[in-house]
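None of these values were measured; they are calculated from a predicted model.
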Amino acid sequence: MATQPDIDLHSEDEAFRTEVRQFLSNHFPDELKGKGNLLSAVEGPTDESDAERNWREAMGERGWGVPTWPKEYGGGGLTRKQAAILNEEMAKAGAYNPIGGMGVMMFGPTLLEYGNEEQKHEHIPPIARGEVRWCQGYSEPNAGSDLANLQTMAEDKGDHYLVNGQKTWTSGGQWADKCFCLVRTDRSDKHKGISFLLIDMDAPGVEVRPIQMISGASPFCETFFTDVKVPKGNLVGEEGQGWTIGKRLLQHERTNLSGGGSMARLMGASLSDIAKKYTGTDANGELADKVLRDRIADFDIRWNAFLLTARRAGEESKAQGGVSEISSVLKKLGTKLGQERAEMLIEIMGMQALGWEGEGFSESELSGTRAWLFGKATTIYGGSTEIQNNIIAKRVLGMLDHQ
């Protein structure tokens, strides 16, 4: 009896690697090396150059900006192994992923799980191509850590909802095209009265007021809804399912805010290399300050151990169908380590870390100072550390009854 020849998986991987390299050679321009993803920022609008637009369109056409999303909705349809190869080759080429933002990080994965087919085909492809910018309508003036206390009301008017209320800390709201929003459709039940609604930011009755920070930047907004008409087709899931869907979305957000997501990419150059530049080396080219050397080594060990744990947890979660409550563990630990690194960086740079603008400071020094200050918020937004502790106690350790 004839036997089927073995499939050479290694050969398939290498063929895909060759395909990626050729794609990068053809489409990623040298002038963009070292740049970041404009769509992932909340600090300003996306003013693209021709080169940036062409790169985004090339990646969007392949679906490689969201490599593991289903091909039928505009994703890459790649396996996790192929996605890893893609990331490896992009890193070697100095290329960045031009597709991002809240649509990729939070909303897209949630809609793939809870949306109907019409919603998926309408909203996922523009996200995969980087054509639409989303913002998050969750927090309210009296509903921050106690998010379920939200009062923005969506009144059923037959063929549409009439939305009235206010959201705050809407990151990038003044530049967003659409908003995924938690609203109240029933006042009789705190949690079961919440629904998940999609709102066009240019709809009549939507008003956005940027909140100016002490730095002068305005990455966050107050958002007001006054008699905003929202089609019934913009309801994700069923009425009353918003709390379940909203919590799922937060798991995606927390995973990306931890070392398992964007923070790993923000680490930049190693602390050891930076310290050698600012504090000097000994005759052997090693960091002269032995105490600092030990502190950096200790941090690097803990950080890399965390990254491996985050990777393992991510693979286990995907094998089980997606993110899980472990995202709260990752978010808590990853953001704390990120703050610790920023503190060490400021200490290493010394006086050069005290600049805000003007001459005498390099771009990396100024960005390091801003990152240190902005990083203080990472243990607050996306659910504060105290909230994560509660979730870990309830959902992971089983110490309290589930809500």
Side-chain angles (χ1 to χ4, degrees), residues 42 101-103 106-107 110-111 114-116 118-119 122-123 126-127 132-213 218-250 253 380-384 387 403:
V42 298
M102 293 185 186
M106 295 182 270
F107 175 61
T110 307
L111 191 68
Y114 289 98
N116 58 42
E118 183 178 353
Q119 290 170 338
E122 178 182 358
H123 298 296
I127 294 174
V132 174
R133 192 164 184 169
W134 287 83
C135 64
Q136 181 181 32
Y138 271 36
S139 296
E140 298 182 4
N142 293 311
S145 294
D146 183 13
L147 180 59
N149 192 47
L150 64 91
Q151 298 299 314
T152 295
M153 189 69 189
E155 187 179 357
D156 190 336
K157 292 294 185 179
D159 65 342
H160 68 275
Y161 291 102
L162 198 64
V163 180
N164 285 277
Q166 177 187 354
K167 298 293 180 177
T168 192
W169 307 119
T170 312
S171 300
Q174 66 269 58
W175 303 296
D177 303 295
K178 296 177 181 293
C179 177
F180 49 91
C181 193
L182 290 181
V183 298
R184 185 160 297 284
T185 48
D186 182 358
R187 295 194 184 279
S188 67
D189 190 292
K190 183 174 182 179
H191 293 85
K192 295 179 181 179
I194 296 172
S195 299
F196 195 99
L197 205 59
L198 311 181
I199 301 176
D200 289 339
M201 292 298 285
D202 60 356
V206 178
E207 180 186 359
V208 178
R209 301 177 188 173
I211 300 172
Q212 188 171 27
M213 300 168 64
S218 300
F220 310 112
C221 300
E222 296 176 291
T223 304
F224 298 87
F225 303 107
T226 305
D227 291 336
V228 179
K229 292 183 178 180
V230 180
K232 280 288 187 69
N234 285 18
L235 176 71
V236 178
E238 300 175 356
E239 280 194 10
Q241 198 181 5
W243 186 243
T244 297
I245 299 173
K247 288 190 297 181
R248 190 64 161 178
L249 183 141
L250 287 174
E253 179 182 18
I380 300 173
Y381 63 63
S384 68
I387 293 296
Q403 175 64 53

(message) Between T168 and S139, does the side-chain hydrogen bond (donor to acceptor under 3.5 Å, both in side chains) criterion hold? Intermediate values first, please.
(response) CA-CA 6 Å; T168 192; S139 296; over 6 Å; no

* To do: Dump the intermediate steps for salt bridge (charged side-chain N to carboxylate O under 4.0 Å, His left out) on K178 and D202, then the final yes or no.
  => CA-CA 8 Å; K178 296 177 181 293; D202 60 356; over 6 Å; no

Practice task
Give the C-alpha distance, both sets of side-chain angles, the deciding distance and a yes or no for side-chain hydrogen bond (donor to acceptor under 3.5 Å, both in side chains) between Y161 and E239.
Solution key: CA-CA 11 Å; Y161 291 102; E239 280 194 10; 2.6 Å; yes

Run the side chain to side chain contact (heavy atoms under 4.5 Å, CB included) check on V230 and H160 step by step: do they pass? CA-CA 5 Å; V230 180; H160 68 275; 6.0 Å; no

Practice problem: Evaluate the side-chain hydrogen bond (donor to acceptor under 3.5 Å, both in side chains) criterion for residues N142 and N149: first the C-alpha distance (whole Å), next the side-chain angles of each, then the deciding distance (0.1 Å), finally the verdict. | Solution: CA-CA 7 Å; N142 293 311; N149 192 47; over 6 Å; no

Report task. Would you sort out whether R187 and Q151 count as a side chain to side chain contact (heavy atoms under 4.5 Å, CB included), showing the intermediate values? Result -> CA-CA 8 Å; R187 295 194 184 279; Q151 298 299 314; 3.0 Å; yes

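The 12-atom threshold is exceeded at NZ of K190, counting heavy atoms of other residues, nucleotides or ligands nearer than 6.0 Å. Heavy-atom neighbours of E238 CD from other residues, nucleotides or ligands within 6.0 Å: at or below the threshold of 12.
Closest approach of F196 to G246, counting heavy atoms only: CD1-N, 4.3 Å. Across all non-hydrogen atoms, the minimal contact from P210 to C221 is CA-SG, 3.8 Å.
When the options V183, V228, T152 are evaluated for a side-chain contact (heavy atoms from CB on, under 4.5 Å) with L197, the one that passes is V183. Evaluated for a side-chain contact (heavy atoms from CB on, under 4.5 Å) with K229, the options I199, D200, V163, L162 yield exactly one hit, L162.
Distance OG/S145 to CD1/I380: 9.0 Å, rounded to 0.5 Å. Rounding to the nearest 0.5 angstrom, the gap separating the CG atom in D186 from the NE2 atom in H191 is 13.5 Å. Between the CH2 atom of W243 and the CD1 atom of I194 there is a distance of 5.5 Å, given to the nearest 0.5 Å. A distance of 8.5 Å separates CG of L198 from CG of L235, quoted to the nearest 0.5 Å. To the nearest 0.5 Å, atoms CD1 (I211) and OG (S171) are separated by 9.0 Å.
In summary, R133 and D177 do not engage in a salt bridge, as defined by a charged side-chain N under 4.0 Å from a carboxylate O.
For the pair M201 and C135, the minimum side-chain heavy-atom distance is below 4.5 Å. Within the 4.5 Å cutoff, side-chain heavy atoms of L249 are placed close to those of Q136. Residues I245 and Y114 have side chains in contact (heavy-atom distance under 4.5 Å, counting atoms from C-beta outward). Between D156 and T185 there is no side-chain heavy-atom pair separated by less than 4.5 Å. With contacts defined as side-chain heavy-atom distances shorter than 4.5 Å, the pair W134/H123 qualifies. Counting heavy atoms from C-beta on, the side chains of M102 and F107 never come closer than 4.5 Å. Looking only at side-chain heavy atoms (C-beta outward), F220 and T170 stay at 4.5 Å or farther from each other.
A donor-acceptor distance shorter than 3.5 angstrom exists from the side chain of Q119 to the backbone of G233, with no hydrogens or angles considered. Under the 3.5 Å distance criterion, the side-chain polar atoms of S195 are matched with a main-chain donor or acceptor of G240. The backbone N or O of V208 lies less than 3.5 Å from no partner atom in the side chain of Q174, so there is not a single donor-acceptor pair. Using modelled atom types, one side-chain atom of R184 and one backbone atom of A148 make a donor-acceptor pair closer than 3.5 Å. For E222 (side chain) and Q166 (main-chain N/O), no donor-acceptor pair under 3.5 Å exists by modelled atom type.
Seen from the ring of Y138, K167 does not count as a face-on cation partner, given the 6.0 Å and 45° thresholds. Note that R209 lies in the cation-pi zone of F224, set by a 6.0 Å cut-off to the ring centre and a 45° limit from the axis.
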